[in-house]
Amino acid sequence: DDIPLLVDHFLARFNARLGRDVHGVTPEATAAMMAHPWPGNIRELENLIERAVLLAEQPLIGLGAMPGLEGMAPSADAPEDIEDMGLKAYVRAYTAKLERARIRRVLSAEGGNVTRAAKRLEISRKSLQMKMKEYGLRDAPDAGRGSR
């Protein structure tokens, strides 16, 4: 949950330090960062943002500027050319991707316990079960174990 806040913090820090003017990251890059497990923790994220700001050629950092995250972009069922999507469809598609990734991470952190995951996500157990069905997470390795 802290990734967007940390990215904003690091962007401000590295813009000032490197004399750059990077405004943010694309939704695809944000989704990829949210889906990444971050084995190197905050330092790995910090290094990634520093490198991206240093090498940025545009005001928004795209997924291409973030080596190692390319496969994390949730684009399996997204249209080939996102530029052809209307704004509402675009926001809906990427919001769903972020929501799915968040639910998956919380379920994993809670050992598949749906009740605890729902409490942590601050939604009802029934809502979580419906979202799990919608996103195809019911058959995930950790999903549903220990939820009774």
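Atom CG in L128 sits 9.0 Å away from atom OG1 in T115 (nearest 0.5 Å). For the atom pair L63 CG and T30 OG1, the distance stands at 10.0 Å (nearest 0.5 Å). In this structure, the separation between OG on S127 and CE on M132 is 12.5 Å, given to the nearest 0.5 Å. Here the CE-CD distance, from M66 to E28, works out to 11.0 Å after rounding to the nearest 0.5 Å. Summarising the geometry, atom CZ belonging to R120 is positioned 10.0 Å from atom CG belonging to L107; distances are rounded to the nearest 0.5 Å. For the atom pair CD1 (I123) and CD (Q129), the distance works out to 10.0 Å, reported to the nearest 0.5 Å.
Closest of all the heavy-atom pairs between M33 and V25 is CE-CG2, 3.8 Å. Residues L60 and H23 come closest through the heavy atom pair CD2-C, 4.3 Å. Closest non-hydrogen pair, F14 versus E46, comes out as CE1-O, 3.6 Å. Among all heavy-atom pairs drawn from L98 and A31, the shortest one is CD2-CA, 3.4 Å. Counting all heavy atoms, side chain and backbone alike, G62 lies closest to A29 at C-CB, 4.1 Å. Summarising the geometry of G24 relative to L11, their closest heavy-atom pair is CA-CD1, 3.5 Å, with the distance given to 0.1 Å.
Using a 4.5 Å heavy-atom cutoff, the side chains of E50 and R17 are in contact.
Proximity of a side-chain donor or acceptor of R105 to a complementary backbone N or O of M34 within less than 3.5 Å is detected. In this structure, R104 contributes its side chain and L137 its backbone to no donor-acceptor pair below 3.5 Å. Here the side chain of R116 pairs a donor or acceptor atom with the backbone of E110 at under 3.5 angstrom.
Evaluation of the side chain to side chain contact (heavy atoms under 4.5 Å, CB included) rule for L54 yields L18 as partners, not counting sequence neighbours. By the salt bridge (Lys or Arg N to Asp or Glu O under 4.0 Å) test, R51 pairs with no residue at all, sequence neighbours left out.
L6 and I61 fall within the same hydrophobic cluster, where Ile, Leu, Val, Met, Phe, Trp and Tyr residues are linked whenever their side-chain heavy atoms come under 4.5 Å apart, directly or through other members.
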Can you list the steps and then say if F10 with N15 is a side chain to side chain contact (heavy atoms under 4.5 Å, CB included)? CA-CA 8 Å; F10 293 141; N15 274 329; over 6 Å; no
